[in-house]
Amino acid sequence: MPDHTSVIKHLLRQAPVVPVIAIHNLDSAIPLAMALRDGGLPVLEITLRTPHGLPAIRRIKDELEGVIVGAGTVTNLRGLDEAIKAGSEFIITPGTTPRLLSEGCQSPVPFLPGISSASELMVCAEAGLKVLKFFPAESSGGAKSLKAFGGPFPDISFCPTGGIGLHNIADYLAVPSVLSVGGSWLTPDDMVREGNWTAITALAREACLRVAAIREGHNK
Ligand SMILES: O=C(O)C(=O)C[C@H](O)[C@H](O)COP(=O)(O)O
């Protein structure tokens, strides 16, 4: 199996917040990605929840510098294959199946499956994965659950998503195993629909500033 652990750890440490994006209009893909990048968030998860997801990944990969684009909501083998062919630089899934896990582990790019229980974590760890998504984070016990996983599984790191925003990001970043968090709060539907890219850059900047302040507090 390709060893992607150090690659994905490096990537997520650089990007403490990963915007989770559903593209409803393909023409918004480039300006939206630019707005987030310019606000300091260059690692983007484009979900396959809409038919524009794959072409958006391809477009961003081909046309935009300074952005690392991955696929989210990859729920089956076809999605995995198409996401890799579209140029995804990492793959994120909300959960796993035995076949998706097995194929995902052979993927040429890092594979981050979602887990929400100790048993699911153990299945992924047994397959050799050390960085996992925790989803749906808030409704699965949130930062408290992640802290508890740290006891039996000290070598597993996480990118939690689901119900995270500026109101609770500090709780997650306080858990040592959390490399970054993901969320859709950086791309509100109305701002994207209106093409309000300045507002989206401001949201990204606000998130970066908040993370910097939290981390500074931890280092004191
Ligand atoms: O389907 C996937 O693969 C996902 O990536 C799930 C998303 O990460 C969450 O749905 C984001 O949650 P919110 O920030 O609460 O909107």
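Source: prediction; values computed, not measured. This chain uses plain numbering: 1 for the first residue, then up along the sequence. First listed ligand is number 1; within each ligand, the first listed atom is number 1.
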Quick check on side-chain contact (heavy atoms from CB on, under 4.5 Å): which of V20, L44, V18, L36 does L186 satisfy it with?
L36

So side-chain hydrogen bond (donor to acceptor under 3.5 Å, both in side chains) across residues 178-187, not counting sequence neighbours, yields none

Heavy-atom closest contact (K85 atom, R58 atom, distance):
O-NH2, 2.6 Å

What protein heavy atom lies closest to atom 8 (O) of ligand 1? Include the residue and the distance to one decimal.
T161 OG1, 2.8 Å

Is it true that a side-chain atom of S140 and a backbone atom of P136 form a donor plus acceptor pair closer than 3.5 Å?
yes

Which residue owns the protein heavy atom closest to atom 6 (C) of ligand 1, what's the atom, and how far is it?
R49 NH2, 3.2 Å

Distance from atom 9 (C) of ligand 1 to nearest protein heavy atom, with residue and atom:
F135 CE1, 3.5 Å

Non-hydrogen atoms of G70 and I57 that approach each other most closely:
O-CD1, 4.1 Å

Between N168 and G163, is there a donor-acceptor pair closer than 3.5 Å when you use the side chain of the first and the backbone of the second?
yes

Output all residues satisfying side chain to side chain contact (heavy atoms under 4.5 Å, CB included) with R205, sequence neighbours left out; order by chain, then residue number.
T201

Do P94 and T75 have side chains that approach each other closer than 4.5 Å (heavy atoms only, starting at C-beta)?
yes

Please report which non-hydrogen protein atom sits nearest to atom 5 (O) of ligand 1, along with the residue it belongs to and the distance in Å to one decimal place.
K133 NZ, 2.5 Å

Less than 4.0 Å is my threshold; does some heavy atom of E138 fall inside it relative to ligand 1?
no

Show which atoms of ligand 1 fall inside a sub-4.0 Å distance from at least one heavy-atom site of G183.
14 (O)

Based purely on interatomic distance, does G163 place a nitrogen or oxygen under 3.5 Å from a nitrogen or oxygen of ligand 1?
yes

With the threshold set at under 4.0 angstrom, would you say T47 reaches ligand 1 through any of its heavy atoms?
no

Examine T93 against ligand 1 and note whether any of their N/O atoms are separated by less than 3.5 Å.
no

What orientation do F149 and F158 show, parallel under 30°, tilted 30 to 60°, or perpendicular over 60°?
parallel

Check: T73 N/O within less than 3.5 Å of ligand 1 N/O:
yes

Hey, is ligand 1 close enough to S184 that some N/O pair sits below 3.5 Å?
yes

Please verify whether a non-hydrogen atom of W185 lies at under 4.0 Å from ligand 1.
no

G182 near ligand 1, heavy-atom distance under 4.0 Å?
no

Just to confirm my output: which protein heavy-atom neighbour is closest to atom 11 (C) of ligand 1, and how far is it?
G162 N, 4.1 Å

